[in-house]
Amino acid sequence: MSLKFHNSYTRKKEVFEPLTAGHVGMYVCGPTVSGESHLGHARPYITFDVVYRYLMYLGYKVRYVRNITDAGHFEEEGREAEDKIAKKSVIEKLEPMELVQKYTNLYHWAMLQLNNLEPSIEPTATGHIIEQIEMIKQIIAEGYAYEVNGSVYFDVKKYADEYPYGKLSGRVMEDLLENTRELEGQEEKRLSADFALWKAAPPEHIQRWASPWGDGFPGWHIECSAMATKYLGKQFDIHGGGMDLLFPHHESEIAQSTICNKHVPAKYWLHNNMITINGRKMGKSYNNQIRLTEMFSGGHPMLEKGYHPMTIRFFILQTHYRSTLDFSNEALQAAEKGLKRLWEAYEVLKKMPVHDAESAGDPELDKKVETLLGEFDEFMNDDLSTAKVLANMFELVPVINSIKDGHIQAKAMSKKTLELFKSKMSVYLEEVLGLKNEMQQDDGKLNGVLELLAEIRKEVKSKKDYATSDKIRNQLHRMGIIMKDEKDGNISISFE
RNA sequence: GGUCCUGUGGCCGAGUGGCUAGGCAGAGCUCUGCAAAAGCUCGUACAGCGGUUCGAAUCCGCUCGGGACCUCCA
């Protein structure tokens, strides 16, 4: 049983074999910090966070590099309307690094909320201008780029004559040549398919760096090539990102790196699919994004309520990463309820005492549990089938609850299976899938008060003073605190 | 227009030719002072039409619908 990934480069499911035994280098395209992250952005970062976590679970030492794109030609989200009113003053006042800082901070905050681990290295494009210039110089020296008016373009046709340009994205060179779309700034290119390595900065452009070709800023693909090479080497294991980056971004990266490093940069190319809303991709071009801050707070007309970051994480993991995932309030609310049930069962399991029965009272149940747990690894190895792992977990939920309610004896499972059950659930839920308790931990004082209330409720209940016992429960419920009478006579407390 | 993906029960979603995915919602039952949970049982779904096969949601063809990329985009 070995780990397999669907490799976009070969369009096949392949056994994962790292270039260096025991080590994995992984590069994931990070955000452009010119605006706030939206729900769609959550998907790759959660997907590759799970890849990262799973590789570590398998014992690999992983270097995970995820960049921040803070260079290039961009303007702050929503500034356009303002610009029309006071274009000049806004441009004069806008300090690019201020904008970049603001959105980088927001992005980091969102990643933390979603419980994504920090990458090993998070390089910024502005911090690697020198490396990018060096790479461009090399491409020119090799004869695969040309300079026009202070801008440098990659010669796609020359490259395509010798290398399989378009292999990753399934593009045919002839088609690219036919698609002569009239776009601004194209006239400098020899061919419309050529892409910029360096752009000359017009006088009003604020972000600018000196280069052998004059003041300007790097092209849109070179940063990833430069930073991946610097931190992961000429060849590394995994390159990840959204499917929409397949072309032209990753195709261009391959071309640039192939010229400089004589290698296709990554062995395995992994791409997550899009999050859609009403069947349409959530993205800039459609103006249908829901920002993560809005998702969490509920502050968006499309949202019936706010959704906890863990609900969003769970929602995303319930689908295979290469399928589209359609957003809807119904789907999010279903995920919310499902996660709650799963997590409550997990809490029960954690507290379940381990007995010392070597053999199972119910061998059939024992076997069933063992099989379901064993499949976790199998499913993850099969191109990261998190949805199936979660499905198995849901099949295990009734087992846990039945033991709690006494329908099944704990000793129906052998000691060994029960221990495996506890450890596997804990490792998978918290370490591999990266889920965590939704409810905020309360300070000791509140817990003390609640325990006192529970005690009082128990007392008055035994005296059949239901008016008082119901009052306690109902009033607390209004505050979002839920008291439940358990089968064993205890009262459990949870928060909405 | 080109390239590619996709169409599963009320909703969301797994599905590797044969064996009930799972979640949410819904119905019934059990437990319970009542609640709320929880447990058990229930849906015989695979866009349509053909074909291959002993057997297809799964393979092939056509038709219809949806989408992605070709431009910044996760």
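First the proteins, then the strands, lettered A, B, ... as listed; each starts at 1. Given the structure is predicted, the values throughout are model-derived calculations rather than measurements.
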Between [atom2] of [N] and [atom1] of [X], the distance in whole Å:
X      : N     : atom1 : atom2 : answer
A:L325 : B:C11 : CG    : P     : 17 Å
A:R43  : B:A68 : CZ    : P     : 14 Å
A:M243 : B:C69 : CE    : P     : 11 Å
A:N392 : B:G23 : CG    : P     : 11 Å
A:K388 : B:G23 : NZ    : C1'   : 16 Å
A:E395 : B:G39 : CD    : P     : 13 Å
A:K340 : B:A36 : NZ    : P     : 13 Å
A:N401 : B:G23 : CG    : P     : 12 Å

Taking RNA chain B as the partner, which of residues 313-323 of chain A come within under 4.0 angstrom of it by heavy atom? A:Q318, A:T319, A:H320, A:S323
Describe, in one word, how the ring planes of [X] and [Y] are oriented to each other, choosing from parallel (under 30°), tilted (30 to 60°) and perpendicular (over 60°).
X      : Y      : result
A:Y27  : A:H239 : tilted
A:F247 : A:Y165 : perpendicular
A:Y64  : A:Y52  : tilted

Pick base, sugar-phosphate or nothing for [X], based on heavy-atom distances below 4.0 Å to the nucleic acid.
X      : result
A:L246 : nothing
A:F48  : nothing
A:I275 : base
A:G283 : nothing
A:M282 : base
A:M274 : base
A:D326 : sugar-phosphate

Nearest-angstrom distance, [atom1] atom, [N] to [M]:
N     : M     : atom1 : answer
B:G9  : B:C4  : C1'   : 29 Å
B:C59 : B:C19 : P     : 15 Å
B:G61 : B:U52 : P     : 15 Å
B:U8  : B:G23 : C1'   : 15 Å
B:G43 : B:G10 : C1'   : 11 Å
B:U44 : B:U3  : P     : 42 Å
B:C31 : B:A57 : C1'   : 39 Å
B:C42 : B:G2  : P     : 50 Å

Would the base of B:C73 count as contacting A:T32 through its side chain, where contact means a donor and an acceptor less than 3.5 Å apart? no
With 3.5 Å as the limit, what N/O pairs link the protein to nucleotides 24-28 of chain B?
unit_1: B:C24; atom_1: OP1; unit_2: A:R341; atom_2: NE; d: 3.1
unit_1: B:A25; atom_1: OP1; unit_2: A:K337; atom_2: NZ; d: 3.3

Taking NZ, NE, NH1 and NH2 as the nitrogens, is one of them in [X] or [Y] under 4.0 Å from a carboxylate oxygen of the other?
X      : Y      : result
A:D382 : A:K4   : no
A:E455 : A:K458 : no
A:D362 : A:K411 : no
A:R322 : A:D383 : yes
A:K305 : A:E336 : yes
A:D465 : A:K471 : no
A:E430 : A:R53  : no

Can you tell me if [X] and [Y] form a side-chain donor-acceptor pair at under 3.5 Å?
X      : Y     : result
A:N381 : A:Y54 : yes
A:D49  : A:T47 : no
A:T10  : A:E14 : yes

Between A:A42 and A:K484, just flag the one whose closest nucleotide in RNA chain B comes earlier from the 5' side. A:K484
Please enumerate all protein N or O atoms sitting under 3.5 Å from an N or O of nucleotides 31-34 of chain B, with distances to 0.1 Å.
unit_1: B:G33; atom_1: N1; unit_2: A:D470; atom_2: OD1; d: 3.0
unit_1: B:G33; atom_1: N2; unit_2: A:D470; atom_2: OD2; d: 2.8
unit_1: B:C34; atom_1: O2; unit_2: A:R473; atom_2: NH2; d: 2.7
unit_1: B:C34; atom_1: N3; unit_2: A:R473; atom_2: NH1; d: 2.9
unit_1: B:C34; atom_1: N3; unit_2: A:R473; atom_2: NH2; d: 3.3
unit_1: B:C34; atom_1: N4; unit_2: A:D485; atom_2: OD2; d: 2.8

Residue pairs involving residues 109-118 of chain A (criterion side chain to side chain donor-acceptor pair (under 3.5 Å); sequence neighbours excluded): A:N116-A:R313
Output the single nucleotide from B:G39, B:C72, B:A68 whose closest atom is nearest the side chain of A:P398. B:G39
Going through the checks in order, is the side chain to side chain donor-acceptor pair (under 3.5 Å) test met by A:Y107 and A:E36? CA-CA 7 Å; A:Y107 164 73; A:E36 243 188 272; over 6 Å; no
Return the set of residues passing side-chain hydrogen bond (donor to acceptor under 3.5 Å, both in side chains) with A:H108 (not counting sequence neighbours), or none when no residue passes. A:E122
Look at the side-chain N and O atoms of A:R171 and state whether any lies under 4.0 Å from the OP1 or OP2 oxygen of B:U3. no
Secondary structure string for RNA chain B (Watson-Crick or G-U under 3.5 angstrom, | for other-strand pairs): (((((((..(((.....[...))).(((((.......)))))....(((((..]....))))))))))))....
